[in-house]
Structure formats: C-alpha cells, structure tokens
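Data first, discussion second: the structure below is written as structure tokens.
Only heavy atoms go into these numbers, but all of them, side chains included; no hydrogens, no water, no symmetry mates.
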Amino acid sequence: MAPDPLTLPAIHASHIGIWIADTHGRVQRVGRGEAIAAVAATPHLLLNATLTGDRLGYPELSGLDLLELFAFLYPARFAVPTPAGIASAIGLTPPTGEEEIAAFLPNAAAAMLASTNDSTWPEREGAWHGVQALVRQRWSWSPLIQPRLSVPDANERWLFARLPEWEEQPPRGAPRQVTINEDDVSARLDRLTGDGAERRPGQQDYARATASIFAPRDRKDAPQMLVAEAGTGIGKTLGYLAPAKQWIDQSAGSICISTYTKALQRQLSRETEKLYPDAATHREKVVVRKGRENYLCLLNLEDALQGGFSGRAAILAQLVARWAAYTRDGDMVGGDLPGWLPALFRRNGTTALTDRRGECIYAGCPHFRKCFIEHSARAATQADIVIANHALTMVQAARPRDGGAPATRLIFDEGHHLWDAADSMFAAALTGQEAVEIRRWVLGPEGKSRGRRRGLAARLADVASYDEAGDRAIQAAITAAAELPGDGWLSRLSENDPWGAIERLLVAVRGQVYARAVDTRTADAGYGLETELADPDSDLVAAAASASDAVEALLRPLMALGKRLEALIDDPPDWLDGQARARVDGARHSLGTRIDTLGGWLSLLGRVGGPADPDFVDWLAVDRYDGREFDTGLHRHWLDPAKPIADVVYRPAQGVLVTSATLRNGGHGSGGWTDADIRTGARHMDSGVRHFAVPSPFDYARQSEVLIVTDIARGDLPALAGAYSRLIEASGGGALGLFSAIRRLRIVHSRIADRLARAGLPLYAQHVDPLDTGTLVDIFRADPHASLLGTDALRDGVDVPGDSLRLVVMEGVPWPRPTILHAARRAAQGGSAYDDMVIRGRIGQAFGRLIRRADDFGQFVMLSPSFPSRLLSAFPEGTPIRRLPLDEAVNHVAAANVERRKTAFPAFSPS
Ligand code: SF4
C-alpha cells in the first residue's frame, strides 16, 4: 500500500510555468509574484531548491528539498536529480507532464520517508545519530524524520567506527620477464567478449598488436612502444585488457591505465569486472586513483562536524558524513557522492572537506588508518590494475612514492589528450594565488581562518623537538614565508600598496600587463589579459631580483629540511616508530612538491631581464572573470609539452601503449601519423615507435551525415540563436550544442530556452544551470527530449550511446584562441598547419560523441558560412557531407527525426 502523501504544499517551477500543489493535492498554475509570496510564507516541498530558485528568479528560496532527503536516506546511491530520476530511483511511476510534478512531490516524499519503517532499509545504521545532529542545525527535514527513527542499540557504529582500516602490506616485487603468446591473447579475448558475442572486426588485430608492448625491452630508456588508433566501436578497452591480463597472469606484474576523463575511468572500472568477476577480488585487484584533492579528508570532515562549519554548510557536512559511511572509496568528485549535492549548497563548504591545500598531517592524523586517500594509495601498490588519470600518472612518474615496484607497463587511453594534460602538469606559474597557497602550507591558518588546518611547524612538531637542524630549518622557512602574499593581497595590488617582495613583483607585473596587453573587446573581453615576457621595464626587472631573493630565502630552509627528513628515514632514531615514519615520509613528499614549485619560480624569475629559453614560452597575465581580477602573475609553459612526457614518463617505462579513437584525425605525413607523433610525444623517442590503426566498423555513410550551414554569419547572435532553436525543434531534442565562448552560450540559451520548453523540449546548459557537468550529462542521457549546451568539457567527455544524443550542433569552426602560447606554438610548428591539426582534433572529438553503437544514427551540424575544405578530413571517411542553407538543414534534421520515430532502427536514407 502506498504511504499517505505528506500534507505539505509543494512547488514546481520550470521555463514554462510555475505550479503549486496545496495541502490537499490540488494543483494550481500561479504567477511568479504569487509563488514567491507563497514560498516566503510557508516552507514548500520542492525538488532542487537551487534550480527552482533560479527559475523563479528568487535565489533565497528554501524549503523541503527532496534531493536533500534522498541524500540523507540513501547515501552513495545514484539518482538523476529530476522528478523522473527520483521516481525511477525509488520505484514510483514518474509524472508525465510538468503540471503533474507539484502533486507528485508529496507522494515521493512520503514514499521516501516510508523507508524508515522498512526493516531492510540498508542505510539505517547511523541515521539516528545523523538526524540528532541535523535537528541541532535546524534542517527542515529533521522534524519529519526524527519521530520516525527509534534509538539504535548501543552497539551501532557511527561514521569513524564504521570505516575499515588499511593494513600494511609487503611491497610488490618486480614482474617476471615473459613474452606472451598472441594465440593466448586471442583466446583470452574470445573468453572476455563471451561465446555468443558478435565478433568485432579489427578487435582481434588490435589486441594482438597491443600485446607487443608487454615484450621485454631491449635497452634502457627504450620502452616497447605502440601508438595505436582504434576507431570508435572496435572494442578498444577489451582489446588491450586481454593482453594486459595475459601478461599480468604470466609475469605477476601490474599495469597502469591512464585516462583523461572521469567518465572513462568509471567505464574502465566496469569493464575490468569482466577480468575479475568476483566483486571482492575486483575491489582488491583493480584500483581507481585520482588526485588527492578529489577525496574526502576525514579530519576536515571532523572539523566541520564539530563546529568548523555553520548554517547551510553544517547541514552539508552532516549529509557528507552520512555518505562517507557508505561510499565505495571516498571520491567526492565524480565518485558516488551525488554531483548535484554540493550544488544544492552552492558549493559552500565542499572544497574545505577535501585535502586541496596539501595540509595532510599523515600519521599525526587520528583517522590516518581509515583515510580514503591512504586506502587508495596503499591499495594501488598491491593492485594488478591501477586506473589513474593522465595528470596523476605524470605526477607519479615525476615524483614516485615508495611502496613497491611501480607499474612498468603504461596504457594511455584517450591519448589525444596527453598534450593538454602535460601542458598543465609541466607548467610553472608564479601568481598571487599560488604564492598564497605556499604561504598557507608553511604558516597554517592566520587571523580568523576557520578549521584546524596546520602549518609546517605543527605538522612536524616531533621532528622539531628531536632534531635541532630540522627545527632551525622550519623556523627559517616560517620567517621567509611571511614575505609571501597573504589575505587581502588583491586589493593591495589594485591600491598599489604591496607588502613584501612578491607582492611588489605582482604590482610590477600588473602594471606591465595593463601597459602592453591588448583588450580584444571581443567575446572574451573582461577575461584574461596577457603580454609576452619580453623587454621588461626596469621596475619589473628590479622587482624580479628582489622576489628571487625572497624565494631563495624560502627554498634554502625547505631543502635543508628535506635533507633532514631523508636522514631520519635512512637512519631512524628510536622515537621514529611506524606512525612517525609515515608522517615524516608524507611530509617529505609534500615538501618535494613545494621545492619543485619554488625551483620553477626561480627559473621563471631568472628569465625576467635575462635570455629566453627556446624550450619555453613565458608571459605575464592578469586573470579576470567578468571584468573582476582574481589572479596576477608570471607563467611558463613548455613550447612542446610532449617533450617532458617522453623524458619523464615514457623512457623509464618498459612498455607503453598510447591509444585513442581519434589520434590521426585526417592528419598528414607517414600514413597520417606525423600529427599524432607530435601530440603524443612519440617523435621524441629515439627507439622505434610502432604504429597501428584499425578503422571503425561503423557505417558512417549510413549512420551519420554532416550538414554545413552556410547562411548564418559569424557574430550574428539572433540568427545563431534562431538556428539552434529550429534545429533542436526539428530533431525533437537529443541535441548537444557546442560553443567556444561562454558569453555566446548564455545569450543563445536565454533566447531559446523558454520557447523550447513550451514545445516540451527542455534545454539545459553548462555555465547557466546550477548543476555540475556530470549531473547535466546524466539528465541529458535520461531524457531523449532534452538538449544540452556546453563548452569544451562536453566536447570531450560525453558518452551518451543511443537515442538521447542524435544531433551535435557546433556554433562555428573552433579556432584556437589567439593567446601568446598559441602564437608561439603556431610559429614553431608550421603556422596554419598547426591550427588545422588542433581544429581537426576538436571537430573529430565533437563528431565522435554522435555514433557510439552500431545502431546509432546522428547528424552533425556546423554553422559556418565558409568552412575550409581542408578541414573536412576531420570527419570519418565515407560520411556524407553537405553544404546547405539553414532551411534545408532543418528539413534534413526533421526528416531524420520522422524516420527515427517510425522505426526503432533509424535506417535513414538521406534525400
Ligand atoms: S590522513 Fe590526511 S588526508 Fe587523510 S584524513 Fe587525515 S589529514 Fe585528512
């Protein structure tokens, strides 16, 4: 029997209207003013207060949010944060129209609250304690939950008691040198794909080719290396997992698979379940790793629960504590914490719950043995397969941590992104924000800062009390760090009232940027300003010299401290037990990161007034958002960031596979591999790098078409918005709209969202809707009538097979932004040929979103009156390409939509 609906009013607001259900369930359509008056007078049930407040134009909106209730009752469970998504998660029939939603909410709330009476409710443990704390925070749901929960028995474990502890394990040995047999690889692939499975053309060839990276290498610094393109639909993942598992079984070695997007990390984790079908074995043998800033820090959570957070942030902390007790791995960003939860609290507090600033106190932390980050790091040393991201793989190659033999075989999936990942990873920046971070890391909290974050002295108190030289180094570092920018530095800069040598440097940088940079007055006006680091004026040269002294004054004691810590590890005194050793070891590694940063600053400062280094591009920048400055400083990037990948990552490995569906993108030279070798860094390897390519099995001539719309002028925003609206209507939704500028995206969204909503076609947008990108993609995937507008992150990370994505519309040719860095690379790598390589890569990625399965059909629309013919090679061979006016393009899209609706399989024959 369904539980009685709650006798509370409910509100639903969308782009087309506002509905209120009264306490008897009677629904009425109301105006904005009436709705605001009602919700201000009485708390209403609603779903997603942030989004509803946005639609009402009433950002202060609060009420009884069903998403918060869901997060409390079902921590770490997945739900799309829409009425249909919640209905599906809790087993109710979803509302069929917008006007039914307000009446649905009381039923959904009652059904959820009924879980508290269900003896099989899996997340009961901890709920009673949680709600007691939430009563004190005056959480709106607590009066409804508290009476429904009975006091648990005295043995109930609360959060910190519930979490498992990790055990020390002996280090994993080096792998045996073995050569795997190709026939064994083929047989294993057959087993993995299953007896009844359709054999995918090319997958066996790909698996045998990738097996070559597991052969023993012939000489030092010359890994067995393969750069392999596997067209979409080949089954690339199992194609490389088959030889990888064969090698793991024969050699007892471990491998690292590196990806660029979190979506692929998740997908890989699922695919590896086929290698280890037993869930417990899978958990032990396959570990997903991310940067530490992704994980919940239990010490920060404890601070937050014990008064470090107040108001809404304190409620968020309680909901995160509920989740922490049930999470798989503590990953707050892209893991099982709902991506929409932080957005409900306007991101207030979530970053303070992770270890963003590297203030971890390691074994000094009371939760060290339960810490999610430590769990993940230790599990990775024992796992057969570590699934990491490119940035982390590069960091670990550059600064390996102890813990057994590192993976000798590296597989870089999404290899087309190695360049971008390396570009950020190997860059240096001496900016105000960066300097503030280092100051905090050394000094700890100052003034009225919240929390129990600790500075260097507190983190290494035992070292200081037992080791005189270590203590002297810590004190000298503290004195030197006081010269770095602290709170209020941005306003002191704008008032020309700097404190300390680094702020004086930033004033000089800012002055030079404003004197020389060109404010483009284009779509990007009000954002970044930059100028080359060339012919600096005398103020800047003098400020850089003083700043160098200040940086050296900090670097010297940190290096001395690093040496002392190493000496303690090498020749441990009596007091250095296992816990203290782990703490010293942790401090040594985080010290190493800061020493590298400061070293990078010194080379950058040495460049001011000195000779340029041809390997690097250096510039000065003032970063702004909507005209407001938020950072200032000097920047250095590698001219070719693939060079350090080859030196630091590839050479030390024994075997390397770089693979992707789009490595060549119609590139030129040597079978199209020249561009791929540039972007992946393969050209810097002096030993023979092998290449392999297998085309997609998809029939692009039948499954897709490209429509280049020739009558929408670049910069004509009303025409651009009209084109998007007509195309989305013609396709009945299912469209992904890609933009190169946030401003244009917002304008187009504001012009068309209401009109589309009236046609039953919801439109969501990055940078507009208060939801994270992952949640927007989940909503888009779940509703075939929905469309989504976004920028770069959507071009690269969306995997929506099937009917939900059938149209991609690009607002124009995605020309690279004319930055100083881009100009330098363009000049170094063949002028417009470099631009073409970048653009083909972007278009290839965007097109790649469309066809993910053999039964997908999709259309790609490029709004460009003069699309260069030389870029057409970015599309897969055989794809029909038409240049036509908008009216005809709309007819094509509408015709495909009619076909789609007529048949389950869209056997569309273009007119
Ligand atoms: S060990 Fe470090 S990251 Fe882990 S909970 Fe403690 S302080 Fe946080």
Side-chain angles (χ1 to χ4, degrees), residues 14-17 80 82-85 88 94-101 702-707 709 712 720-739 748-749 751-765 769 776-790 794 798-811 846-847 849-853 855-863 880 882 884-911:
S14 78
H15 279 291
I16 52 169
V80 177
T82 58
S88 144
T96 51
E98 298 255 16
E99 61 291 345
E100 289 182 17
I101 292 173
R702 197 174 58 97
Q703 289 184 253
S704 64
E705 71 175 337
V706 172
L707 306 171
V709 172
I712 303 295
L720 184 69
Y724 268 96
S725 171
R726 290 183 62 197
L727 288 162
I728 292 172
E729 277 184 274
S731 72
L736 179 66
L738 296 172
F739 289 77
V748 167
H749 179 271
R751 282 174 176 258
I752 68 176
D754 290 358
R755 173 177 161 183
L756 289 172
R758 281 195 294 277
L761 302 172
L763 180 67
Y764 296 90
D769 290 314
L776 287 171
V777 174
D778 287 339
I779 295 174
F780 176 56
R781 186 185 288 117
D783 180 357
H785 300 295
S787 296
L788 178 56
L789 306 182
L794 285 184
V798 176
D799 187 22
V800 181
D803 207 24
S804 288
L805 173 50
R806 46 192 184 271
L807 175 70
V808 170
V809 184
M810 257 186 141
E811 63 155 338
F847 183 87
R849 304 303 100 211
L850 264 183
I851 313 295
R852 314 297 293 174
R853 294 193 313 217
D855 59 353
D856 278 352
F857 173 78
Q859 291 164 304
F860 184 95
V861 177
M862 170 69 75
L863 303 171
R882 297 179 169 75
L884 67 194
L886 179 65
D887 287 349
E888 285 180 33
V890 168
N891 290 341
H892 269 256
V893 173
N897 191 30
V898 169
E899 282 297 323
R900 179 180 72 82
R901 292 208 297 231
K902 268 203 283 192
T903 54
F905 178 70
F908 171 63
S909 41
S911 56

Is the shortest heavy-atom distance from the side chain of V890 to the side chain of E729 under 4.5 Å?
no
Check whether any side-chain heavy atom of P83 sits under 4.5 Å from a side-chain heavy atom of E100, and report yes or no.
no
For the side chain of [X] and the backbone of [Y], is there at least one donor-acceptor N/O pair under 3.5 Å apart?
| X | Y | answer |
| --- | --- | --- |
| Q703 | D856 | yes |
| Y764 | V777 | no |
| N897 | V893 | no |
| R806 | P784 | yes |

Which heavy atom in [X] sits nearest to a heavy atom in [Y], and how many Å separate them?
| X | Y | result |
| --- | --- | --- |
| S787 | I728 | OG-CG2, 3.4 Å |
| S804 | F780 | O-CZ, 3.4 Å |
| P762 | D783 | CG-OD2, 3.6 Å |
| V709 | A889 | CG2-CB, 3.7 Å |
| S704 | P880 | O-CD, 3.1 Å |
| I712 | A723 | CD1-CB, 4.1 Å |

Return the orientation label for the F860 and F847 ring planes: parallel under 30°, perpendicular over 60°, tilted otherwise.
tilted
[X] [atom1] to [Y] [atom2] distance, which is reported to the nearest 0.5 Å:
| X | Y | atom1 | atom2 | answer |
| --- | --- | --- | --- | --- |
| L763 | S725 | CG | OG | 9.0 Å |
| L756 | H749 | CG | NE2 | 9.0 Å |
| L727 | L863 | CG | CG | 6.5 Å |
| L736 | L850 | CG | CG | 8.5 Å |
| L805 | L788 | CG | CG | 9.5 Å |
| E98 | I16 | CD | CD1 | 4.5 Å |

H892 and Q859 side chains, donor-acceptor separation under 3.5 Å
no
